[in-house]
Amino acid sequence: MRLFEQRNTTEEDVYKRLSYDPEANTLMDEIATARREIEDAYNNFQNAQDPDLIDSYIYRGNAAWLRYRFLLRQAKII
């Protein structure tokens, strides 16, 4: 029965997807994307008027910052 068969965890998939490939350079692209997401969230936060949008941009910025830190740790391991 395949119902309870364990598959790769999400964390393993992330590590595999972000493994260093000198030709593809995907890890560096992901880091650059995360940095742009942080900057976008900050810029949108500065221009937001609605309290719900302000909260949304705070959450987006925090999520992007945590992802950015994770990616930097991955780059450091490699």
Side-chain angles (χ1 to χ4, degrees):
M1 178 177 248
R2 292 185 172 201
L3 182 63
F4 297 108
E5 182 179 312
Q6 283 191 327
R7 297 180 182 226
N8 291 343
T9 63
T10 304
E11 187 172 305
E12 290 174 358
D13 291 339
V14 168
Y15 287 121
K16 185 189 305 181
R17 184 171 56 93
L18 296 176
S19 61
Y20 183 68
D21 181 9
E23 293 177 8
N25 207 13
T26 56
L27 184 58
M28 295 303 161
D29 293 340
E30 292 286 331
I31 290 172
T33 300
R35 186 176 173 109
R36 279 192 301 274
E37 289 173 0
I38 293 169
E39 292 171 358
D40 289 344
Y42 179 77
N43 289 333
N44 289 331
F45 172 78
Q46 293 296 321
N47 297 320
Q49 299 293 324
D50 184 40
D52 291 334
L53 283 177
I54 292 171
D55 288 343
S56 171
Y57 294 131
I58 290 171
Y59 292 128
R60 280 188 189 180
N62 287 339
W65 175 250
L66 291 172
R67 182 168 179 260
Y68 181 71
R69 286 184 20 202
F70 167 78
L71 293 170
L72 288 178
R73 282 194 307 270
Q74 292 306 305
K76 194 174 189 180
I77 290 172
I78 297 170

CZ-CD1 distance between Phe45 and Ile58, expressed to the nearest 0.5 angstrom:
4.5 Å

Please report the shortest heavy-atom distance between Leu27 and Ala75, naming the atom on each side.
CD2-CA, 3.6 Å

Just so I know, are the side chains of Arg67 and Glu37 near enough to count as touching, which here means a heavy-atom distance under 4.5 Å?
yes

Nearest heavy-atom pair of Ile38 and Ala64: which atoms, and what distance?
CG1-CB, 3.5 Å

Inter-residue atom distance Asp29.CG - Leu71.CG, 0.5 Å rounding
11.0 Å

Look at the side-chain heavy atoms of Ile, Leu, Val, Met, Phe, Trp and Tyr, link any pair under 4.5 Å apart, and say whether Met28 and Tyr68 land in one connected group.
yes

Separation of Asp40 CG from Thr33 OG1 (nearest 0.5 Å):
10.5 Å

Output for pair (Asn47 CG, Tyr42 OH), nearest 0.5 Å, gives 10.0 Å

Working to the nearest 0.5 angstrom, can you tell me the gap between Leu72 CG and Arg35 CZ?
9.5 Å

Would you give the length of the straight line joining atom CD of Glu30 to atom CZ of Phe70, rounded to the nearest 0.5 angstrom?
10.0 Å

State, yes or no, whether a side-chain contact exists between Tyr57 and Leu53 at a heavy-atom distance under 4.5 Å.
yes

Return the set of residues passing side chain to side chain donor-acceptor pair (under 3.5 Å) with Arg69 (not counting sequence neighbours), or none when no residue passes.
none

